[in-house]
Undergrad: 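My structure is below; once you've seen it, I'll send some questions.
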Amino acid sequence: MTEEKQHYDFELNLDNPSNVHGIEMAMISEGSLVLDIGCHTGIMGDVLQKRKKAKVIGIDTDINALRIARERLQAALLIDIEQKDWADNLLREGYHNFDTILFGDVLEHTTSPERILQNAKGLLKPDGQIIVSVPNVANWRIRFGLLFGRFEYTDSGILDRTHLRFFTKKTAHSLLTDAGYNVVNTEVAGYALPHWLIKMFPGLFAVQIVMSAKPF
């Protein structure tokens, strides 16, 4: 299993103030019950449990990654959020009243993100929140490429070939409000640039937009 973990896991780099996982973690309160959508191997949930004393339930569609996640999390289930009854499946298993539902870079891979967010409301506590991170297609690298007629898909990053939806900071906010949420906090994440610079010009330098929101 160790080799499999090495193959699937990735570096969280939580000490970088611009890192998306660190920003998400800062938005989650101590001792929270968390649903990690697209939990993969449970690497993020594992750190949440250790650092924030959280209880984390994960869901994913990758069976091999879930095998690892089940060693790390309270539970890890094979559930596809593209299916209309995905939230009902969790309710039937007795999983609900979550303090936080984490959508970490998953909604851009789906055909109906607004419906998925609406479905999630029934899984939250009355004062629960969702945390959503999505890539920023208005990033300067994408803009620069468009100047020269380039919009080429890649194996990872903003133009990952598995992305079905694209967002700017404005349209990411609209997605949440259209789904019935109030955006409480918005942060931005990036790579090599200083965090203060990314925050000063988020539309240009942010790689990811990170939002916490609560249902109306």
Side-chain angles (χ1 to χ4, degrees), residues 20-21 23-40 42 44-45 48-49 52-62 66 69 73-137 162-189 208-216:
V20 65
H21 300 107
I23 292 169
E24 291 167 348
M25 189 166 294
M27 292 179 171
I28 297 173
S29 300
E30 190 96 359
S32 292
L33 177 61
V34 179
L35 175 62
D36 187 359
I37 307 283
C39 67
H40 199 54
M44 175 71 168
L48 277 170
Q49 291 177 149
K52 289 288 186 91
K53 297 181 175 59
K55 293 177 66 176
V56 182
I57 309 300
I59 65 173
D60 207 289
T61 57
D62 187 326
L66 282 171
L73 307 181
Q74 298 284 317
L77 295 84
L78 179 66
I79 292 179
D80 183 357
I81 58 173
E82 289 276 43
Q83 301 298 317
K84 291 183 179 180
D85 61 349
W86 73 270
D88 293 333
N89 288 336
L90 279 162
L91 288 170
R92 281 193 287 269
E93 293 290 335
Y95 298 115
H96 55 91
N97 286 336
F98 289 98
D99 296 292
T100 296
I101 299 178
L102 176 61
F103 292 92
D105 296 326
V106 294
L107 291 176
E108 64 271 19
H109 298 273
T110 66
T111 57
S112 304
E114 186 175 326
R115 175 186 57 77
I116 291 166
L117 291 175
Q118 290 169 343
N119 294 156
K121 290 181 187 177
L123 298 171
L124 286 169
K125 285 182 177 178
D127 194 41
Q129 66 169 351
I130 61 169
I131 296 174
V132 173
S133 66
V134 291
N136 172 35
V137 76
T162 64
H163 289 177
L164 303 178
R165 300 289 295 268
F166 297 94
F167 299 96
T168 63
K169 184 179 178 183
K170 183 177 180 180
T171 60
H173 273 240
S174 295
L175 170 67
L176 269 60
T177 55
D178 290 347
Y181 291 85
N182 284 317
V183 178
V184 176
N185 186 20
T186 302
E187 259 290 359
V188 286
Q208 288 141 307
I209 302 127
V210 190
M211 301 162 289
S212 64
K214 296 186 176 185
F216 290 150

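What you see is a predicted model, and the numbers here were worked out from it, not measured in a lab.
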Undergrad: From Q208 CD over to H21 NE2, what is the distance, rounded to the nearest 0.5 angstrom?
TA: 7.5 Å
Undergrad: Carefully, step by step, assess L164 and T110 under the rule side-chain contact (heavy atoms from CB on, under 4.5 Å).
TA: CA-CA 6 Å; L164 303 178; T110 66; 5.8 Å; no
Undergrad: Nearest 0.5 Å, what's the CZ-OG1 distance between R165 and T111?
TA: 8.5 Å
Undergrad: For a quick check under 3.5 Å, do S29 and S32 share a side-chain donor-acceptor pair by atom type?
TA: no
Undergrad: Any idea which heavy atoms bring T168 and N136 closest together, and the distance?
TA: CA-OD1, 3.8 Å
Undergrad: Any heavy-atom pair between the side chains of H96 and L90 that's under 4.5 Å?
TA: no
Undergrad: State whether the side chain of K121 and the backbone N or O of A179 hold a donor-acceptor pair below 3.5 Å, judged by distance alone.
TA: yes
Undergrad: Given the rule in the side-chain contact (heavy atoms from CB on, under 4.5 Å) test, do V20 and E187 qualify, once you have shown the distances and angles that lead to the verdict?
TA: CA-CA 9 Å; V20 65; E187 259 290 359; over 6 Å; no
Undergrad: Taking all non-hydrogen atoms of both residues, which atom of Y181 and which atom of L124 are closest, and how far apart?
TA: CE2-CD1, 4.4 Å
Undergrad: Taking all non-hydrogen atoms of both residues into account, name the closest pair between G42 and L73 and its distance.
TA: O-CD2, 3.7 Å
Undergrad: Would you please name every residue forming a side-chain contact (heavy atoms from CB on, under 4.5 Å) with A75, sequence neighbours left out?
TA: I57, L77, Y95
Undergrad: Find the distance between CH2 (W86) and CG (D80) and round it off to the nearest 0.5 Å.
TA: 10.5 Å
Undergrad: How long is the straight-line distance from OG1 of T100 back to CD of Q129, given to the nearest 0.5 Å?
TA: 4.0 Å
Undergrad: Less than 4.5 Å apart, side chain to side chain, heavy atoms only: is that true for M44 and L102?
TA: yes
Undergrad: As a quick check of understanding, evaluate side-chain contact (heavy atoms from CB on, under 4.5 Å) for D85 and R92, giving each step before the final call.
TA: CA-CA 10 Å; D85 61 349; R92 281 193 287 269; 4.0 Å; yes
Undergrad: Of all the heavy-atom pairs spanning A54 and V34, show the shortest one and how long it is.
TA: CB-CG2, 4.3 Å
Undergrad: Check whether any side-chain heavy atom of L117 lies under 4.5 Å from a side-chain heavy atom of V132, and answer yes or no.
TA: yes
Undergrad: Within the side chain of T177, is there an N or O that forms a donor-acceptor pair under 3.5 Å with the backbone of H173?
TA: yes
Undergrad: What distance do E93 atom CD and D88 atom CG have between them, rounded to the nearest 0.5 Å?
TA: 12.0 Å
Undergrad: For residues I81 and R115, report the shortest heavy-atom separation together with the two atoms involved.
TA: O-NH2, 3.8 Å
Undergrad: Could you check whether any side-chain N or O of E24 sits under 3.5 Å from a backbone N or O of I131, counting only pairs where one atom can act as donor and the other as acceptor?
TA: no
Undergrad: Could you check whether any side-chain N or O of S133 sits under 3.5 Å from a backbone N or O of D105, counting only pairs where one atom can act as donor and the other as acceptor?
TA: yes
Undergrad: Identify the two heavy atoms, one from N97 and one from L33, that lie closest to each other, and give their separation to 0.1 Å.
TA: O-CD2, 3.7 Å
Undergrad: Carefully, step by step, assess C39 and L66 under the rule side-chain contact (heavy atoms from CB on, under 4.5 Å).
TA: CA-CA 8 Å; C39 67; L66 282 171; 4.0 Å; yes
Undergrad: Is the count of non-hydrogen atoms from other residues, nucleotides or ligands lying under 6.0 Å from K52 atom NZ greater than 12?
TA: yes
Undergrad: Would you compute the distance between atom NZ of K55 and atom CG of D99 and round it to the nearest 0.5 angstrom?
TA: 10.5 Å
Undergrad: Does a side-chain heavy-atom distance below 4.5 Å link I130 with M211?
TA: no
